[in-house]
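Okay, so here's the structure we're looking at.
In what follows, chains carry the letters A, B, and so on, assigned in the order in which the sequence lines appear, proteins first and then strands, with residues in each chain numbered from 1. Only heavy atoms go into these numbers, but all of them, side chains included; no hydrogens, no water, no symmetry mates.
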Number of protein chains: 2
Amino acid sequence: MNIQLAERVKCSECPIRHRAVCARCDDDEIEMLDKIKSYRSFTAGETISWRGDELSHVSSVVHGIATLSKTLDDGRMQMVGLLLPSDFIGRPGRTTLDFDVVAASDVTLCSFERKPFERLLAETPHISQRLVEMAMDELDAARDWMVLLGRKTAREKIATFIQMLVQRSHVDGTDLPDLALPLTREEIASYLGLTLETVSRQLTQLKKEGVIAFSDRRKFTVTDHAALLDATGDDADGGVIV
Amino acid sequence: MNIQLAERVKCSECPIRHRAVCARCDDDEIEMLDKIKSYRSFTAGETISWRGDELSHVSSVVHGIATLSKTLDDGRMQMVGLLLPSDFIGRPGRTTLDFDVVAASDVTLCSFERKPFERLLAETPHISQRLVEMAMDELDAARDWMVLLGRKTAREKIATFIQMLVQRSHVDGTDLPDLALPLTREEIASYLGLTLETVSRQLTQLKKEGVIAFSDRRKFTVTDHAALLDATGDDADGGVIV
DNA sequence: TTCATCTCTTGATCTGTGTCAAAGCGGGCA
DNA sequence: TGCCCGCTTTGACACAGATCAAGAGATGAA
């Protein structure tokens, strides 16, 4: 992965500063963070952290996509979160996670050593507050996802997923004509509580209807935003999942 | 509901102190909390707060059961949380919730006025920290529930739900021979992403198999803990949902 | 280039759970 | 006491999505 870039980036010029932990830090605090910071890279498919591993770092995603997933005894798998650039891994006061973190694409993390980070946290209420806000946002997203998993049809799930991608790319300022579909059909299925065959069929269906168009199996454009929104099953305005 | 009790209770003698916001407060802090505190009662079926309502209070549940639920346009409903005694409603830095809060039974809340509570929070890092921990626990629970909703069979859902009830009652020290099933079949269905008919059939099935026994439609005993655990689909040890 | 491998698509069939319907409680109220 | 109404159970049937299976594209290595 792009090590040169990773090593070049400083927290003070972090591309994801607007959402990351350092969002509201002053220069002194940034300097403190810089001291305990390093960039770590993972290649697609690599496991960043196994369920139950002791965590030495807390991290922000700089680029790439990582997944959080849980597995039942018999191998059934459910993704419980998707980490896009600017998302945070790790939590104050806990040293382990109850799910696997896997790099879905090549990933670069901006990592902070856990112990000094927590000391800094204790002295810097606004970073702490920022983490609470992020946890609350995650909780909201998890609850929206519960509605999706519990009540939505396959078609609605797919539409909601695409809508979420569209929205996230707007936020991150990369509103390209072609959106990258960053996951395999199987990973999407795992996220949506479906099988890969159903995902494939529903994507084909939306393509046939002219709602989306593929330039490549992993790249697509939304050609009918209204129809897509309609297919999500959410209220026209609300139902925004971040 | 039991107003006499509600008015008699003081925070310093709060039955739920071990998990509530005041868990680690010293006497001065308890006194501060007492000043901005009141008890509020709701009768079964009453809506405590509608989605989007401005919140004047943050609260802990003292007794009774409340549900958090979300509704899609066409009326499909998904419960996204269950509040048992000692659970907390409200969040720092936000004045609205994105779901309805409904009293499933008669409910008493220990409520704090939001604004003074937030001022207190700013000055009292350990209460703030306690809230972060609670948010993290909720997030863990939400993620376990995502696995349930996305991957488990109806039978596993029911078994997991009962297992959760058993565990929660242990924690709260009310390990009675008969557990109260605090919700209607419809509410259970809403929590588990099922229909009420399926819930009824699965409960009947577990009864037939001798896993649980009913003394009343709303009261039951687990007669075969091993079989119940086995039916949850979780690992023998892990998979604890709180 | 060709082969091997992985991902995706499409078809045929099966099945768990939803839907629709009717009847059985059981508690509260007149 | 008896009726009513909300909750629950049970049955018959339908269907969305899972499962099983085959083959078509891609991608990358030799």
Given D/dG17, C/dT9, D/dT10, identify the nucleotide with an atom nearest to the side chain of A/T198.
D/dG17

Do the charged groups of A/K70 and B/D144 touch, with an N to O distance under 4.0 Å?
yes

Let me know the distance between CG of A/L203 and C1' of D/dG25, rounded to the nearest Å.
16 Å

Consider the side chain of B/R217, meaning its heavy atoms from C-beta on, and name the nucleotide among C/dT9, C/dG11, D/dG6 that approaches it most closely.
D/dG6

Is B/R76 side chain donor-acceptor paired with the C/dT19 base, going by distance under 3.5 Å alone?
no

If you assign A/T195 and B/L196 each to the DNA chain D nucleotide with the nearest heavy atom, which residue ends up on the more 5' nucleotide?
B/L196

Is there, by distance only and without an angle test, a donor paired with an acceptor across the side chain of B/E187 and the base of D/dC7 below 3.5 Å?
no

Whole angstrom is fine here: how far is it from NZ in A/K207 over to C1' in C/dT9?
9 Å

If you check every side-chain atom of A/L194, which of C/dT7, D/dA18, C/dA21 has the closest atom?
D/dA18

Base, sugar-phosphate alone, or nothing: which one does A/G45 contact when heavy atoms must sit under 4.0 Å apart?
nothing

With hydrogens left out and only the distance checked, is there a donor-acceptor pair under 3.5 Å joining A/E186's side chain and the base of C/dC6?
no

Whole angstroms only, please: what is the CG-C1' distance between A/L183 and C/dC6?
16 Å

Ion pair check, B/R76 and A/E156, cut-off under 4.0 Å
yes

Per B/R218 side chain, nearest of listed nucleotides C/dG18, D/dC7, C/dT9
D/dC7

Rounded off to whole Å, could you give me the CD-to-P distance for the B/Q202 and D/dT10 pair?
13 Å

My understanding is that only one of A/L183, A/L83, A/V107 makes a side chain to side chain contact (heavy atoms under 4.5 Å, CB included) with A/I65; could you say which?
A/L183

B/K152 side chain to B/T160 side chain, donor-acceptor N/O pair below 3.5 angstrom:
yes

B/K219 NZ to D/dC7 C1': how many Å, rounded?
16 Å

Does any N or O donor sit under 3.5 Å from an N or O acceptor when you compare the side chain of A/R201 with the base of C/dG11?
yes

Charged N-O contact under 4.0 Å between B/R91 and A/D137
no

B/R143 and B/E138 ion-paired at < 4.0 Å
no

Whole-Å distance separating the NZ atom of A/K157 from the C1' atom of D/dA18
12 Å

Taking for each residue the nucleotide of DNA chain C with the nearest heavy atom, is it A/R151 or A/E197 whose nucleotide lies nearer the 5' end?
A/E197

B/L192 CG - C/dG16 P separation (whole Å):
19 Å

Are A/T204 and C/dT10 close enough that a side-chain N or O sits under 4.0 Å from OP1 or OP2?
yes

Select one nucleotide: of C/dT17, C/dC8, D/dT8, the one nearest the side-chain heavy atoms of B/S200.
D/dT8

What is the distance, to the nearest angstrom, from the CD1 atom on B/I158 to the C1' atom on D/dT9?
14 Å

